[in-house]
Amino acid sequence: MARDIIARLKDQAATPGRIWLQGDAPVTYADLLAETGRMANALRQFGLVKGDRLLLQVDKCEAVLALYLACLRAGVVFLPVNPGYTVAETMHFLTDADPALAVVDGARVGEIVDKCRKSIGLTDFLETVSQAQEGFSDPVSMPDDLAAILYTSGTTGRSKGVMLSRENLASNAEALVGLWRFTAEDVLLHVLPVFHTHGLFVATNCVLYAGASMIFQRSFAPEAVLAALTETTVMMGVPTFYSRLLADARLTPAACAHVRLFISGSAPLSPATHAEWRARTGHVILERYGMTETNMITSNPYDGPRKAGTVGLPLPGVSVRIAGPEGQPVAAGEAGAIEVMGPNVFGGYWRMPEQTAKEFRDGWFVTGDLGAFDADGYLSILGRAKDLVITGGLNVYPAEVEAAIDDLPGIAASAVIGVPHPDFGEAVVACVVGPVDPEAIRAGLRDRLAGFKIPKRVLVLTELPRNAMGKVQKAELRRVYADLF
Ligand code: AMP
């Protein structure tokens, strides 16, 4: 068993002066422990007991991380929600998770009052916290206790509540800290959202587990990021952060000289961006793969080769297999469904036992992603299973076509989808961004891809629809172009 996150917090707080948040008024781990104590007492004052859910829907701020840890201390289940969701969208989480308390940005209180048991504005909540005692006696916790529920983005169908245990979080933090060589000397630049596993758990728990510190920025702005890099040793980002920084002339080797590690995840990093980053900065981005249900699954190595277009090797203690449609093993190197088992894998979907049962096969979680291992054991992601294009009976993996397109001159981004076609069942369609000629792209792909993989149509768009993590919303593209043929 990995050491619990709260036990690690207390370890760090025992080192006098150890910094959690950098800045003009640095916050130490001892300050953080005291604040989480006050918050945990405030949660008790609001009547929350072990197992109750706390829904948090606020803009990114430092208090989110403290409240996450306070919930862990009190045994309250932390349920962060994207502040971009409308009240109607948020209703699903309120009715499904039945939180005992919702803490929301001020303006929201009126909108969701009566729709849940109790709600309060963040400012008022923090006022109560400031009056509370810092001494808190943590109830006994077990590794399997529920720590958090994170809802999947649910682009198709109902969004599902992913139940994560304390051990899920702790085991993943322990593995990543070792793999990525985090120490108390590290300074992580935190520019990710805090309602999603990447910014909330991967970034925060690695820092806390190692006793490192972070520079906490409330949103991604290239100028502020470039300024902070001079004090940063590790940056975690989604691929769009990297492509946006590449568009800034101030990105130079000197600007990155203090950084030891750039990590990318949550969406595919194109080999073109990987290569460009290396040429511009001298750094080889380390790409990793994970999902809300499993935490992190694979990572490129710290010391060994970091292969562009792959997500590396399974984390220590995590097993990954590639399976055929019925769960049967596939031949070495062949594509199939990515399935995962290990202490990182969630316990199930909140109040959805049938759905949970459907997504596990013989104890393996079926990720819904397709992939293949190379001869060195590196995994490549070939796309979501539901994004696979079957054209004239042949499988086309979108990731392969996107990588070939991204290699052509002038392409800023691409997304390959399948749309209904009268002859082929589905036709491969490429949506691209950049100053490009569709026919030149098709011609440019001819010596790179077999004919059936070449898009029947190339659509030039001004931008691709993306979610908060920079992930392209392919279901949306399929909906818009459903009648193309
Ligand atoms: P989420 O649960 O929002 O974190 O989304 C998880 C999904 O993001 C995975 O199932 C993958 O489809 C995708 N994903 C995450 N990391 C990567 C990566 N490095 N390359 C390609 N896809 C990724």
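As the structure lists them, so they are numbered: ligands from 1, and atoms in each ligand from 1.
- For the atom pair CG of L229 and CG of L251, the computed distance is 8.0 Å after rounding to the nearest 0.5 Å.
- Taking CZ of F365 as the reference point, atom CG of N344 lies at 10.5 Å (rounded to 0.5 Å).
- The part of V311 lying near ligand 1 is the side chain, judged by heavy-atom distances below 4.0 Å.
- By the criterion of a heavy-atom distance under 4.0 Å, the side chain of E287, and not its backbone, is placed next to ligand 1.
- Proximity of P268 to ligand 1, defined as any heavy-atom pair under 4.0 Å, is shared by backbone and side chain alike.
- Between H198 and ligand 1 there is no heavy-atom distance shorter than 4.0 Å.
- Partners of R181 under the side chain to side chain donor-acceptor pair (under 3.5 Å) rule, at least two apart in sequence or in another chain, are D303.
- Considering backbone and side-chain atoms together, T197 places no N or O closer than 3.5 Å to any N or O of ligand 1.
- Distances from atom 15 (C) of ligand 1 to the heavy atoms of G290, S264, G265 put G290 nearest.
- Annotation: atom 9 (C) of ligand 1 to nearest protein heavy atom, D369 OD2, 3.3 Å.
- Comparing heavy-atom distances from atom 8 (O) of ligand 1 across M469, M291, M296, K471 singles out K471 as nearest.
- Evaluation of the side chain to side chain donor-acceptor pair (under 3.5 Å) rule for T273 yields S270 as partners, not counting sequence neighbours.
- In terms of protein heavy-atom proximity, atom 17 (C) of ligand 1 is nearest to A267 N, 3.7 Å.
- Side-chain atoms of R53 come within 3.5 Å of backbone atoms of D98 as a donor-acceptor pair (strictly under, hydrogens ignored).
- At least one N or O atom of T292 sits closer than 3.5 Å to an N or O atom of ligand 1.
- Counting protein heavy atoms only, atom 4 (O) of ligand 1 is closest to H196 NE2, 3.1 Å.
- At least one donor-acceptor pair under 3.5 Å links the side chain of Q57 to the backbone N or O of N82.
- Here the CZ atom belonging to R384 is positioned 8.5 Å from the CG atom belonging to L370, to the nearest 0.5 angstrom.
- The shortest contact between atom 13 (C) of ligand 1 and any protein heavy atom is with S266 O, 4.0 Å.
- K453 places no side-chain N or O within donor-acceptor distance of the main-chain N or O of N395, the cut-off being under 3.5 Å.
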